[in-house]
Structures are given as C-alpha cells and as structure tokens.
Colleague: 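My questions all concern the structure below.
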2 protein chains.
Amino acid sequence: MSGGTGWQEVRDEALRRIRARLWAPGDRIPDEAALAEELGCARATVNRALRDLAEAGLLERRRKGGTRVPLTPVRKATFSIAIIRQDIEARGQVPGYRLLGDIVEDAPAEVRAAMGDGPLRHVTALHTADGAGFCLEDRWLNPAVVGDVSFETLSANEWLVGNVSFAEGTLAFHAVPATAELARALGCKEGDALLALDRETRGEVPITWVRLVYAPGHRVQAAL
Amino acid sequence: MSGGTGWQEVRDEALRRIRARLWAPGDRIPDEAALAEELGCARATVNRALRDLAEAGLLERRRKGGTRVPLTPVRKATFSIAIIRQDIEARGQVPGYRLLGDIVEDAPAEVRAAMGDGPLRHVTALHTADGAGFCLEDRWLNPAVVGDVSFETLSANEWLVGNVSFAEGTLAFHAVPATAELARALGCKEGDALLALDRETRGEVPITWVRLVYAPGHRVQAAL
DNA sequence: GCGGATAATATGTATATACTTAATAACGCC
DNA sequence: GGCGTTATTAAGTATATACATATTATCCGC
C-alpha cells in the first residue's frame, strides 16, 4: 500500500525513523511481526532489513530482547584490499614493479611472533605509479609454502593472491618514519611520516607477513 | 545427511572447497539448485551462504552468469568505530579528556572542501589513557547543527554519537608528522610519524569534519 | 557474418509456515 | 524478599513455492 515491500525499502524506512528519532537511541522498536503488518510485508522481509541494519551497527538485536537503537552505536567501516597493481591502475596511473631483495634469513621478533622461528624468505620490492615510488613491500614468507618461486617480474603480492588467497589473517594500520631505504625508494626525506599497513596471512600454517609502506600523502579510504 | 543443513555449514563447506581449490579461481561453481540438492537443503539456504561469501569478496555472483571464484579476489576488511573513550576503556586503561580550544573561525581549504565555506566552530581536545596523551581531536563543526553546546566535559566525539549519529560520511587513514602542538599533547618529538584518521560526517547538511591523530605506535586493527 | 529480437537460465526476492533458540518475565516456593 | 524453575517471547533459521530481473545464449533474417 505505502509504495513497496522490498527489504531495501523496509530498511530505508527503518533508517529514516532512526534518523528522525522516531526511534530514539535506547528505544526498543516494534517487533518484526508488528512491522511486517504495518508495512504490509512478510516477517522474513522485515528480518532481512533489520538484520542488514544490525550488521552495520545501526541496530542491536537480541532474541527475546527485541530490537533496539543502540545508545552508543559502533559503526562498522569497510575497505577493500586489492592487488597493489590494481590499486594503482584504479588511480589511472601506470603500475611498475622492481624486486629489490630476495634472501633467506632470520626475521625480527615482530615477524617471528606471527610466523614462528626459523629462517624465512625475505622479499623486498618497490611498486611504482607512473614511475614514482608508490609503495615499498617488505615481505617475509614461509619457504615451505612458496618454495622457490621467482618474484623477479611478478610481485609476491600478486602471486599470493592467485595461489594462497582465501586464507585467514589480521591487518593493522600505523605510521612509521621513513628510514634511509624508504626515503630513497619512495622519494621522500628520511624521517618523513609514512602510512604503513601490516598484514599477516595464514592457512593451516603461517604463510606470510608483510608490511606495505606507502609514499608520503597516501590515504587509505574506507566506506561507512 | 552429511551432518547439517544450516547456512553457516553450507558456507563453511563452500569455503573449504575454495581453499582446497576444488573450486579454483576463475571456475564457475554449481548453481544454487544443484548445491541445494547435493547438500540436502533448500535453495534459500544455499543462497544465504553464497551471498555471505560474495559479500566478503570470496565469490562473485551474477544473475544468469552464475557464481564463480574470482581470479583476483578483492577481500573486504572491516573495523569498528567506537567512541574514543570506549576504545581506551577496551584497552583496560583509564580514559581522560581535556578541551584545548573552542573558537569560531575560518577553516583551511581541506576542511572547506567538505564543509563548505563560512565560519565553523573549531574544537580541539586531547583524549588521554592512564593520564598519557592518546589522541588529539581536531574538529570542525557546523554551528547550525551543534549550536553552542559545551564540550568542556563531554567530548564532541561523544556528543555527536549521541545526537547526530546514524549519518553518512567518509573516512580515511594517513600519516602525519607531529607538529609542535601534537608533540606537546601526545608526548613525542616534533616530526614523529603519527597515524591520523580523517572523518567527514553529513546528514542533510555537512555536520562535522574531524582529524584524530594518535600517539606514536598506535595501531588500528581490522578484521578480514 | 552481423545485428537484433527472443528464449533460456541463475540469481534475487517475496511469502507463508513451521520450528529452534536465547533471553526475559512470571511464578511459586521457601 | 530472594531464588530457582517454568513459561513466554522475539529473533533466528529452514523450507517450498512463486515470481522478478539481469544476463547470456540462441535463433533468424538479411
């Protein structure tokens, strides 16, 4: 009657009521059955809509407890992790890649915490955009997983995505000062503030630990 | 037969096949009806499971085109945005708050791009954890939205969440060098590399633009 | 062979129904 | 009143069915 029964319309109507404070923070909202009747749709449709909002942190749902608008919503932001080359192409720039180092050695404590003790394959490479340094990849690999694949022309980043992707892992952002090596590779001054992304990937066993350090000014954008 | 028909079990089984490369990158997987029959459940259950994997970037689905394992998966990571005070409490530390400045003035170009021209209320505040500087909040507010609420004791961060939350916005991470003010507030040296989070929030009109600069070493963790 | 209309198809969604589960509320006992 | 048991409730899930919608594939006329 009111114009539609799709779950997205139900979600939008719920969102409107939240924003208009018809449903104020702390409030318990009508249950699914009541909303279904009011909006003229099935309960499953309301369920889908409210579940969607709950996943975004805009509602809190509990069995028997009903659904309520959180007093202090914990919004969730998502960002996409693509291959670096794709990232650069998406910016309309020409991607480049240069292998800087590839040796087996003992890793620092920070890496050993994630990858375990024992010698690891240490690969460093520079990704460029339109010829300029874009991102320095500092990667430690489990030799048992990668064997002796060459990363001369194909970045480890790309090889991993195509071969041992779909694994679990953790990810964190932080800031690091540019070392002499970073300054040289990324074309900035030593000590400059750079954005870094640490990522750890493992399947059954640890696979890789990587730190990507981006050129000055780089921003990683997320969507709410 | 095989042990269960819940959508999470279907999802896990699909994930297992992807990881085991039974379904290899580029492959088209069986359609929902076939999987439903094979796994002994309803098509809607399979749909729920595969939709979940597609949202995580582990599958690509298209009407008529079927479902396939992406050649270069674009994984999605999510992180939660809570009130800073809650963030600090979650670390087991005692949160503190000190208002540093609150004046109406013209904003720099970067902020005007998001908030429009005209004078804005500029609020700066320091969040502390166990007494030490944790995060400097540099916020520009639309006076038409906030009026003359006092942020002496309640952080703007918290006031906004409780009053104009549920709005749209953008969010980005980057790195900045510590200015003299930042160094003083966060207890570090001038020029130190610091993680910054820029966030823009708007409803019908621009509401606020904020930059949170964290103390040295701070990491923002995301989940895959 | 090419382009455009047409058919086929896999996913997307809506619905009624039924049952499960977690959490709260009610009850009754002491 | 305090406490443990039981009943109730609202969300969570599963299912069959039906129809919608985007594509892809096919067919046909030229």
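So you know, we letter chains A, B, ... as the sequences are listed, proteins then strands, and number each from 1. FYI, side chains are in, hydrogens and waters are out, and symmetry mates aren't considered; it's all heavy atoms of this structure.
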Colleague: Is the shortest side-chain N/O distance from B:Arg48 to OP1 or OP2 of D:dA14 below 4.0 Å?
Modeller: no
Colleague: Going by an N to O cut-off under 4.0 Å, is there a salt bridge joining B:Arg19 and A:Glu204?
Modeller: no
Colleague: In this structure, which one of B:Thr208, B:Val123, B:Leu120, B:Thr124 forms a side-chain contact (heavy atoms from CB on, under 4.5 Å) with B:Trp140?
Modeller: B:Leu120
Colleague: Could you check A:Cys41 against B:Leu50 and say which one's nearest nucleotide on DNA chain C is further toward the 5' end?
Modeller: B:Leu50
Colleague: What residues, two or more places apart in sequence or in another chain, satisfy ring pair (Phe, Tyr, Trp, His ring centres under 6.0 Å) together with B:His218?
Modeller: B:Phe134, B:Tyr214
Colleague: Give a yes/no answer on whether the side chain of B:Asn47 brings an N or O atom under 4.0 Å of OP1 or OP2 in C:dT13.
Modeller: no
Colleague: Find the distance B:Arg68:CZ to C:dT11:C1' and express it as a whole number of Å.
Modeller: 14 Å
Colleague: Out of D:dA16, C:dG12, D:dT13, which nucleotide sits closest to the side chain of B:Gln8?
Modeller: D:dT13
Colleague: So if I define the base as every atom that isn't primed, P, OP1 or OP2, how would nucleotides 17-27 of chain C read as a B/S/- string at a heavy-atom cutoff under 4.0 Å?
Modeller: -B--BBBB---
Colleague: In this structure, how many angstroms lie between the C1' atom of C:dT13 and the CD atom of B:Glu32, rounded?
Modeller: 11 Å
Colleague: Has B:Thr45 got a side-chain N or O lying under 4.0 Å from the OP1 or OP2 atom of D:dT15?
Modeller: yes
Colleague: Taking ring pair (Phe, Tyr, Trp, His ring centres under 6.0 Å) as the test, write out the residues that go with B:Tyr97, two or more places apart.
Modeller: B:His127
Colleague: Strictly below 4.0 Å, N to O, side chains only: are A:Glu32 and A:Arg61 in salt-bridge contact?
Modeller: yes
Colleague: Flag the pair A:Arg202 and A:Glu200 as a salt bridge only when some basic side-chain nitrogen lies within less than 4.0 angstrom of an acidic carboxylate oxygen.
Modeller: yes
